[in-house]
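Structure record follows, encoded as structure tokens.
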There are 2 protein chains.
Amino acid sequence: MESTATAAPTEERILEAASKVFRQRGFDGARMQEIADEAGINKALLHYYFRSKEQLYEQVFRASAKEFFGSILIILRSEEPLREKVVRLCELYVTVGLEHPYIPVFIITEAHRKGAGFVARMLSEEGVLPDFEPMRRQIAEEAAAGRIRPIAVEQLMMDILGLCLFPAIARPMMQRMMGISDEGFRQALELRRSRASRMIINSLYNPAG
Amino acid sequence: MESTATAAPTEERILEAASKVFRQRGFDGARMQEIADEAGINKALLHYYFRSKEQLYEQVFRASAKEFFGSILIILRSEEPLREKVVRLCELYVTVGLEHPYIPVFIITEAHRKGAGFVARMLSEEGVLPDFEPMRRQIAEEAAAGRIRPIAVEQLMMDILGLCLFPAIARPMMQRMMGISDEGFRQALELRRSRASRMIINSLYNPAG
DNA sequence: GTCTATATATGGATAGAC
DNA sequence: GTCTATCCATATATAGAC
């Protein structure tokens, strides 16, 4: 910490610029020139710091993955009862979808890219992916005690992500399809906070039908 | 119909090849050369028939959109009771996700592309987008008669698409995140047929909680 | 209609001065 | 560390022969 609060160091500025561009356009659509402009430097410096587009992208993807999966971690390994966890996960994903939709959109869409072998590598790095074992056990215990209908943790997560996060992922398509305004969409997402948790909680504790 | 069943005409072969490549790689990742190879012709012919990559892409996207939205149309305007419609929509999307996931993945991910003004144009063309009015009325009637809890058709569609289609959209991410094998994923999707309809039907007819 | 050859542009990457 | 200038590969698109 030499002087005081100076402009962010170059490497950081590049990473921020790259995040923005890669998240908006994906790997194939991104241009090194645009990243350089966004960071207020020239292309050569990008290569000086990160060697290649691939490597710069890896950094960005890894950071995004950590950010996305990291937020779940805390909730997953807390000691709260299952019911609370479900509610908090729903809250989390609706909020993410409202405030930082870029990250999950980026992760989910880019994970489709062919020949992106490093996606596999990266996600298998230590500490990136969340551990679902605690929750799996918790479900098993509740089920054994007859308090809930048994369910695979995979199914539960698909429910939560599908009900809460999907609308944000599919937003451009959904708004067009159903003619929803931006404000209308925001409101619709807000509604899902309670709707999603209610549906899931019901399916667990209230297995009617 | 000149002779009899000959090899598909060039224009059709190109469209099929282009569909395959664009769906796999998106607009930015697709290469005209790969499309030409896939169709068994050379690049020049692509331009002879479709003039530019943009225009070829438009054709592909339009066809995909019609295919995707068209499948909903029939269900939406049928005369069956609401309950049946929900079940059939769930069935439809799980099946699509299992058998032709490329189409919804393509539509949903490509709809994010910047400066794709023609997406708007295209989706506003006559007969592409489904009409949700009949279903909206149906919901209103059921609610007025006190048979269901009132709900916006947008919310209902988000439930259906989220529960049934999202897993297929997010498949690469989900499998990595939760360590699911291909076969395991297929089974998980199958389970959602009944699970999704049950949850949604419950939320409509059985508003506990 | 279909091909080969080529024009033209652009993007990622490097060399080398400062 | 940062810049300008440039290399080189590749991508879209066109010209023109057959």
Side-chain angles (χ1 to χ4, degrees), chain A residues 1-62 110 113-119, chain B residues 1-62 110 113-119:
Chain A
M1 272 150 238
E2 304 290 320
S3 52
T4 44
T6 58
T10 309
E11 186 167 342
E12 243 175 70
R13 288 224 315 283
I14 293 177
L15 274 176
E16 268 172 47
S19 296
K20 185 171 172 186
V21 175
F22 278 131
R23 285 172 186 179
Q24 272 183 11
R25 307 203 186 274
F27 180 82
D28 293 320
R31 294 292 166 253
M32 296 294 266
Q33 185 61 58
E34 188 179 357
I35 296 175
D37 293 346
E38 184 75 30
I41 51 148
N42 60 42
K43 280 193 297 177
L45 261 196
L46 296 181
H47 291 93
Y48 174 79
Y49 278 96
F50 294 93
R51 186 126 195 105
S52 72
K53 185 184 180 184
E54 275 280 346
Q55 290 188 40
L56 178 53
Y57 178 79
E58 280 204 29
Q59 300 276 332
V60 169
F61 191 90
R62 176 180 291 109
E110 288 292 290
R113 266 187 55 231
K114 297 267 169 182
F118 65 90
V119 171
Chain B
M1 272 158 232
E2 303 292 317
S3 54
T4 44
T6 58
T10 309
E11 185 167 343
E12 241 175 71
R13 289 223 315 283
I14 293 177
L15 274 176
E16 267 172 49
S19 295
K20 184 171 173 187
V21 176
F22 278 131
R23 285 172 186 179
Q24 271 183 10
R25 306 205 186 276
F27 179 82
D28 293 321
R31 294 294 166 253
M32 295 295 266
Q33 183 62 59
E34 190 180 354
I35 296 174
D37 293 346
E38 183 75 31
I41 51 147
N42 60 40
K43 284 191 296 176
L45 260 196
L46 297 181
H47 290 93
Y48 174 80
Y49 277 97
F50 295 94
R51 204 163 162 78
S52 73
K53 186 183 179 185
E54 275 280 346
Q55 289 188 39
L56 177 53
Y57 178 79
E58 280 204 28
Q59 301 275 333
V60 169
F61 191 91
R62 175 180 291 110
E110 289 289 292
R113 267 187 57 231
K114 297 266 170 181
F118 64 88
V119 172

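Protein chains get the first letters and strands the later ones, always in sequence-line order, with residue 1 at the start of each.
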Margin query: Tell me whether the side-chain N/O atoms of A:Thr10 come closer than 4.0 Å to OP1 or OP2 in D:dT2.
Written below: yes
Item checked: B:His47 vs B:Met32, side-chain contact (heavy atoms from CB on, under 4.5 Å): CA-CA, chis, key distance, verdict -> CA-CA 9 Å; B:His47 290 93; B:Met32 295 295 266; 3.9 Å; yes
Notebook entry, point to check: Base, backbone or nothing for each nucleotide of nucleotides 11-18 of chain D, written B, S, -, heavy atoms under 4.0 angstrom, 5' to 3'?
Noted result: SBBBB---
Notebook entry, point to check: OH of A:Tyr57 versus P of C:dG12: gap in Å, rounded?
Noted result: 14 Å
Note to self: Checking B:Leu15 against B:Tyr49 for the side-chain contact (heavy atoms from CB on, under 4.5 Å) test, could you report, in this order, the C-alpha distance in whole Å, the side-chain angles of both residues, the deciding distance, and whether it holds?
What the structure shows: CA-CA 10 Å; B:Leu15 274 176; B:Tyr49 277 97; over 6 Å; no
Checklist line | Interatomic distance where CZ belongs to A:Arg25 and P belongs to C:dT10 [whole Å] | finding: 15 Å
Next item on the list: With heavy atoms under 4.0 Å as the rule, sort B:Ile41 into base, sugar-phosphate or nothing.
Entry: sugar-phosphate
Notebook entry, point to check: In whole angstroms, how far is the C1' atom of C:dG11 from the CZ atom of A:Phe27?
Noted result: 11 Å
Next item on the list: Please state how far atom CD1 in B:Ile14 lies from atom C1' in C:dC3, giving the value in whole angstrom units.
Entry: 13 Å
Next item on the list: Evaluate the side-chain contact (heavy atoms from CB on, under 4.5 Å) criterion for residues A:Gln59 and A:Gln55: first the C-alpha distance (whole Å), next the side-chain angles of each, then the deciding distance (0.1 Å), finally the verdict.
Entry: CA-CA 6 Å; A:Gln59 300 276 332; A:Gln55 290 188 40; 5.9 Å; no
Next item on the list: Give the rounded distance in Å between these two atoms: CD1 of B:Ile35 and P of D:dT10.
Entry: 18 Å
Next item on the list: Please work out which of the three classes, parallel, tilted or perpendicular, describes the rings of B:Phe27 and B:Tyr57, given edges at 30° and 60°.
Entry: perpendicular
Note to self: To check you understand the geometry: which heavy-atom pair defines the closest contact between A:Val21 and A:Glu34, and what is its length?
What the structure shows: CG1-OE1, 3.9 Å
Note to self: How many whole angstroms separate atom CZ of A:Phe50 from atom P of C:dG12?
What the structure shows: 15 Å
Notebook entry, point to check: Given atom CG of A:Asn42 and atom C1' of C:dG11, what is their separation to the nearest angstrom?
Noted result: 15 Å
Next item on the list: Rounded off to whole Å, could you give me the OH-to-P distance for the A:Tyr49 and C:dT14 pair?
Entry: 17 Å
Checklist line | Counterpart residues, salt bridge (charged side-chain N to carboxylate O under 4.0 Å, His left out), relative to A:Lys20 (two or more places apart) | finding: A:Glu38
